[in-house]
Structures are given as structure tokens and as C-alpha cells.
Asks: 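Structure in C-alpha cells, see below.
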There are 2 protein chains.
Amino acid sequence: MYAAAQTSFQQAEHVERTQISGPYLVAPYQAGREIYAEGDLIDKCYQVSTGAVSVYRLLPDGRRQVVSFHLPGEMFGFEAGSNHSFFAEAITETKLAVFGRRHMQERSRELLALALTGMARAQQHLLVIGRQCAVERVAAFLIDLCERQGGGRQLRLPMSRQDIADYLGLTTETVSRVVTKLKGRSVIALRDARTIDIVKPDALRALCN
Amino acid sequence: MYAAAQTSFQQAEHVERTQISGPYLVAPYQAGREIYAEGDLIDKCYQVSTGAVSVYRLLPDGRRQVVSFHLPGEMFGFEAGSNHSFFAEAITETKLAVFGRRHMQERSRELLALALTGMARAQQHLLVIGRQCAVERVAAFLIDLCERQGGGRQLRLPMSRQDIADYLGLTTETVSRVVTKLKGRSVIALRDARTIDIVKPDALRALCN
DNA sequence: GAGAGCACTTGATTTGAATCAAAGTGCCCA
DNA sequence: TGGGCACTTTGATTCAAATCAAGTGCTCTC
């Protein structure tokens, strides 16, 4: 599907300048590489081809809030205004389909649907962070991620405990303790720290509210 | 501006059915009245004319998260999907301009901008709730509200301490204690519980991060 | 295969906000 | 004019999660 997967980001930039819209190129990003920063001009949007992306915001003292993770097939990078308010970075080795400004204008109808689901996700996440305890937050996170990976029983976490903590408004220690507790109750099982088997999906779902 | 301010909601519904789009009618709502509920079909959107509105979500055990407040001039009611995931209710005596489905289709470009700012607001709020302490949350709330009311030094709160608590992920007691503390430091002064003078705007802004 | 460097886990203690409880305060209406 | 009621404030105590502090285990390199 992505014939130009090995194409560099610089070439993608060039094509965009020449106003080609529909077809796009795929740019590779190493784990940890910044995709855009707060303050950068918004002139592209992205679709994850492989890998995973986090979008986050920082406070001056270093506190961080991850507002979203993006998995293969998902789009991100559109925001209100002309400059980014958030940072985006590749969590793992990632390939991104890059769309130019012209493409965004042509597809404003689809963009509306994406913006509305983005708003819904953020608002749902507000409920989780604002009104649920640590166990409920982690359970909701695992279920959400599982569904977005196709709903199977095995779950691969592309992100670290710190990323999860910054997404859920917790600390790594608390995330780790909750995972240990869920493992103790046999709700989940760990193959390794980043690979989770959901042993009792119903029990996990019951923990969300 | 709103010539038909006294028109009933039922008449507004009728006009919508007859496909009149651009001109709209204004419907009055008493304090506490529900505007729409979770599960309701999405077929209108609203602009606050006078008063104030809260949009919130409930957990089965009664915990509540207010995701947004809407003041005069602001629009709300558009969501992803075909049914509402949230409740909306008038906080005070409120008048709403009601727009029908046809109007929304015609103005999808403006709706995109609204959806993007809605997403940005929700994501900014995630940072506040996920990573800031009680004092920072209340300070951020007061500044946000103040700016949306025109940026003067006097601030009128249309909502109760409970509404504020449910918006900030706190309890009424904690909100009250923070307000008392800010009053003690002379950052703010209270004319009454719902009318606040911002005595030291810079000090308040400094508390946000 | 030894050792450095990370990510993750576990334990002890502290702490900020929740909870529980009891007053104020103001407002509506009889 | 005063009683009732909802909202707000204040105080005492508890508790969930943060912080502080070691470990453990894995991977990568030399």
C-alpha cells in the first residue's frame, strides 16, 4: 500500500510544496523523534502507518500531560489556530503518511468528523482523569487500547509506564502498582512489561465505572 | 437582535421542520432545565444568547464531570456520531438561539473551526485536571472565565461551587477552601459568593503554572 | 560474559484532597 | 417577619496517590 515507505521526510516536504494533494508520501521516524513542537506552524496532518505517536503538552516546571496516543490508521496533527499548541513525537519506530495543506482543504468534510471525534475522545478522557480513581483509569486505558488494536485478548503497549502515567494523570509507580494488583487478581497476565493478556475482559470492563 | 426572544421552543422545532435555516429563533430555559440528554438525537446546535450552560457526563454511581461551560455568544451541541454522549443544562435563566440541521450542513466550515477549538479547550483542560493542584486549577478557571467575560476585573460566576468542583475534578469543600485562601492572600476579593473581584491579576496568572 | 544504563517494580513515608460533620449565610415565600 | 431550605464555609479526620528510596531484571555494548 505505501509504495514510497522509504522516502525521506525532506522529499515529502518538496512534494507538498509542489501542490500534489491526494497521493502522499510516507516518512519514517525513529523512536523518540519529535514530529512537531509547540509553536510550529500547522501545515500538514498525519496518519500513522506503523508504530505509535504521543501528543502532549508541558508545563514550565516539566510536568507533562499526554492528551492522546495514535495507533496505525489514526490521524492527528490538526488543531485550532495556525500554530501547534502541543508536541507530537514518535513513541517507537514509526512511519507516517503526511498530508499537505491543500489536501486538508479538499477534505474539510472528513476533517470535521475527525475533529468531532477528537473532541469526544478528549471529553471522555476528562471524565476518566477528573472523576475516576487509579484502578479505573488504568482499566479504561487498557480497554480503550485493546479495542483500538482490534479487540483481541493480547495487548501490546508501545509506550512506557511514564507515558501511560502522563496520559492518565498518575505516576509510573502508581501505574505499576495497579498493573501488579490486576495481575494479582488474575484480571490480566503479563508476558513481559509491554505485552498484556486480558484474562478476564468482563472483570476489566466492570472496573471502569 | 433576537426579535423572537419570547418564542417557545415548540415553535422553534416547527420552524426547523419547515427547513428555514439562516434565521433562527430564541428559546428560553429556566435555571436547571435540561437542554438535551445523553442518548438524544443530535439535530440542532445552540448559541447562548443570555445566561449560561453546562455540558456534563455522569458515571453510574453519580460522579459527574462537567466538560464545558458556555457563556453568551458561545456555541455548543455538536458532537461526533448521531446521538449525544453528554447532558446539557441551563445553569441560570438562559436564552438560546437554536439552529437546525440544515443550518449546520450549510455552515460546516465554521463548524470545523468550532470543533477544533472545542477539542483544544478540552485538551487544555486535560492538562489542568491531570497535572495541576487544586489552587492551580481554581486560578486557571477564574482566569479563563474572566477572559471569556471580557477581561474586566470583576467576575460573575453563574455556576455553583458544586458545578465548579465537577468541572475541575475537585469537591465543593476544596473549591471553597481555595477561594478562601486566595481571598486571604488578597489575590481576589468576594463581594458575595458568586461575585469576585480580581485584585491581583498577575498573582492569579502566576498561580496557573 | 561482565558491567553500564534503563525501565520497571516494590516498599516506607508523606501529603494534598476527600470525606465526614457542623456551622454560617442568604433568600424565598408563607 | 421569621421559618425553612439550599448554598457555602470551616473544622477534624481519613485515605489514595505522590514522593522518596531501594531493588530487580533486561538489553546493549565492549
Side-chain angles (χ1 to χ4, degrees), chain A residues 30-32 52 54 59 61-65 91-93 128-142 155-185 188-196 207, chain B residues 30-32 52 54 59 61-65 91-93 128-142 155-185 188-196 207:
Chain A
Q30 303 163 290
S54 68
L59 285 170
D61 63 1
R63 281 176 290 176
R64 189 175 79 128
Q65 178 65 45
I91 293 170
T92 59
E93 189 76 27
V128 173
I129 285 187
R131 285 293 177 221
Q132 297 196 267
C133 69
V135 180
E136 293 171 322
R137 294 186 207 191
V138 172
F141 172 71
L142 293 177
L155 184 55
R156 175 80 200 157
L157 304 177
M159 68 292 284
S160 69
R161 295 289 186 269
Q162 185 63 64
D163 288 330
I164 297 170
D166 286 344
Y167 179 68
L168 297 176
L170 299 171
T171 58
T172 46
E173 293 95 327
T174 299
V175 172
S176 185
R177 274 184 253 272
V178 169
V179 168
T180 302
K181 186 184 284 180
L182 293 177
K183 200 172 57 178
R185 294 192 212 157
I188 60 173
L190 298 201
R191 184 176 293 265
D192 63 79
R194 304 274 186 113
T195 313
I196 295 180
L207 284 173
Chain B
Q30 303 163 290
S54 68
L59 285 170
D61 63 2
R63 282 176 289 178
R64 189 175 78 128
Q65 178 65 46
I91 294 170
T92 59
E93 189 76 26
V128 173
I129 285 186
R131 286 293 176 221
Q132 297 197 267
C133 68
V135 180
E136 293 171 323
R137 293 185 207 191
V138 172
F141 172 72
L142 292 177
L155 184 54
R156 176 78 200 158
L157 304 178
M159 68 292 285
S160 69
R161 295 289 186 269
Q162 185 63 64
D163 288 329
I164 298 171
D166 287 344
Y167 179 68
L168 297 176
L170 300 170
T171 59
T172 46
E173 293 96 326
T174 299
V175 172
S176 185
R177 274 184 251 271
V178 169
V179 168
T180 302
K181 185 183 285 182
L182 293 176
K183 200 172 58 178
R185 293 192 213 158
I188 60 173
L190 297 202
R191 183 175 293 264
D192 63 79
R194 305 273 187 114
T195 314
I196 294 180
L207 285 173

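Proteins come first, then strands; the chains are lettered A, B, ... in the order of their sequence lines, and each starts at number 1.
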Asks: Round to the nearest Å and state the distance from B/Arg63 atom CZ to C/dA17 atom P.
Replies: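 About 19 Å, once rounded to whole Å.
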
Asks: Starting at CD of B/Gln132 and ending at P of C/dA17, how long is that distance when rounded to a whole Å?
Replies: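 Spelled out: CD on B/Gln132 to P on C/dA17 is 11 Å.
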
Asks: So B/Gln65 and A/Ile129, side-chain contact (heavy atoms from CB on, under 4.5 Å) or not? Walk me through it.
Replies: CA-CA 9 Å; B/Gln65 178 65 46; A/Ile129 285 187; over 6 Å; no

Asks: Between B/Asp163 and B/Arg64, is there a side-chain heavy-atom distance shorter than 4.5 Å?
Replies: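 A side-chain contact under 4.5 Å exists here.
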
Asks: Of the nucleotides C/dA17, C/dC8, D/dT8, which one has an atom closest to the side chain of A/Arg161?
Replies: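 Closest nucleotide among those given: C/dC8.
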
Asks: Quick one: do B/Arg161 and B/Leu170 satisfy side-chain contact (heavy atoms from CB on, under 4.5 Å)? Show the steps, please.
Replies: CA-CA 10 Å; B/Arg161 295 289 186 269; B/Leu170 300 170; over 6 Å; no

Asks: Report, as yes or no, whether the 6.0 Å neighbourhood of atom CZ on B/Arg191 holds more than 12 heavy atoms from other residues, nucleotides or ligands.
Replies: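 Not more than 12 within 6.0 Å, no.
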
Asks: Quick one: B/Arg191 CZ to C/dT25 P, roughly how many Å, whole number?
Replies: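 Value for this atom pair: 19 Å.
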
Asks: From CG of A/Leu182 over to P of C/dT10, roughly how many Å is that when rounded to an integer?
Replies: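 In whole Å, C/dT10 P and A/Leu182 CG are 13 Å from each other.
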
Asks: Would you say B/Arg156 has more than 12 foreign heavy atoms packed within less than 6.0 Å of its CZ?
Replies: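 Yes.
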
Asks: Could you state the atom-to-atom distance from CD1 of A/Ile129 to P of D/dA16 in whole Å?
Replies: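 After rounding, the gap between these two atoms is 20 Å.
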
Asks: Kindly state which residues belonging to residues 163-176 of chain A come within less than 4.0 angstrom of DNA chain D, counting heavy atoms of the residue only, listed by number.
Replies: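 The answer is A/Gly169, A/Leu170, A/Thr171, A/Glu173, A/Thr174.
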
Asks: Whole Å only: how far is the CZ atom of A/Arg194 from the P atom of D/dG25?
Replies: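 So the CZ-P distance, A/Arg194 to D/dG25, works out to 18 Å.
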
Asks: Taking the side chain as everything from C-beta on, heavy atoms only, tell me whether A/Asp166 gets closer than 4.5 Å to B/Arg131.
Replies: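 With C-beta onward as the side chain, the pair touches.
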
Asks: So if I take every side-chain heavy atom of B/Ser160 and compare against D/dT8, C/dA17, D/dA17, which nucleotide ends up nearest?
Replies: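 Of D/dT8, C/dA17, D/dA17, D/dT8 is nearest to the side chain of B/Ser160.
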
Asks: Nearest-Å distance, CD (A/Gln162) to C1' (C/dG5)?
Replies: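 These atoms are roughly 17 Å apart.
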
Asks: Closest to the A/Arg177 side chain: D/dG11, C/dG11, C/dA17?
Replies: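 Shortest atom-to-atom distance from the side chain points to C/dG11.
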
Asks: Nearest whole Å is fine: how far is C/dT10 C1' from A/Lys181 NZ?
Replies: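 So the NZ-C1' distance, A/Lys181 to C/dT10, works out to 14 Å.
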
Asks: For A/Ala134 and A/Val178, which heavy atoms make the closest approach, and how far apart are they?
Replies: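 Answer, listing the atom of A/Ala134 first, then A/Val178: CB-CG2, 4.0 Å.
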
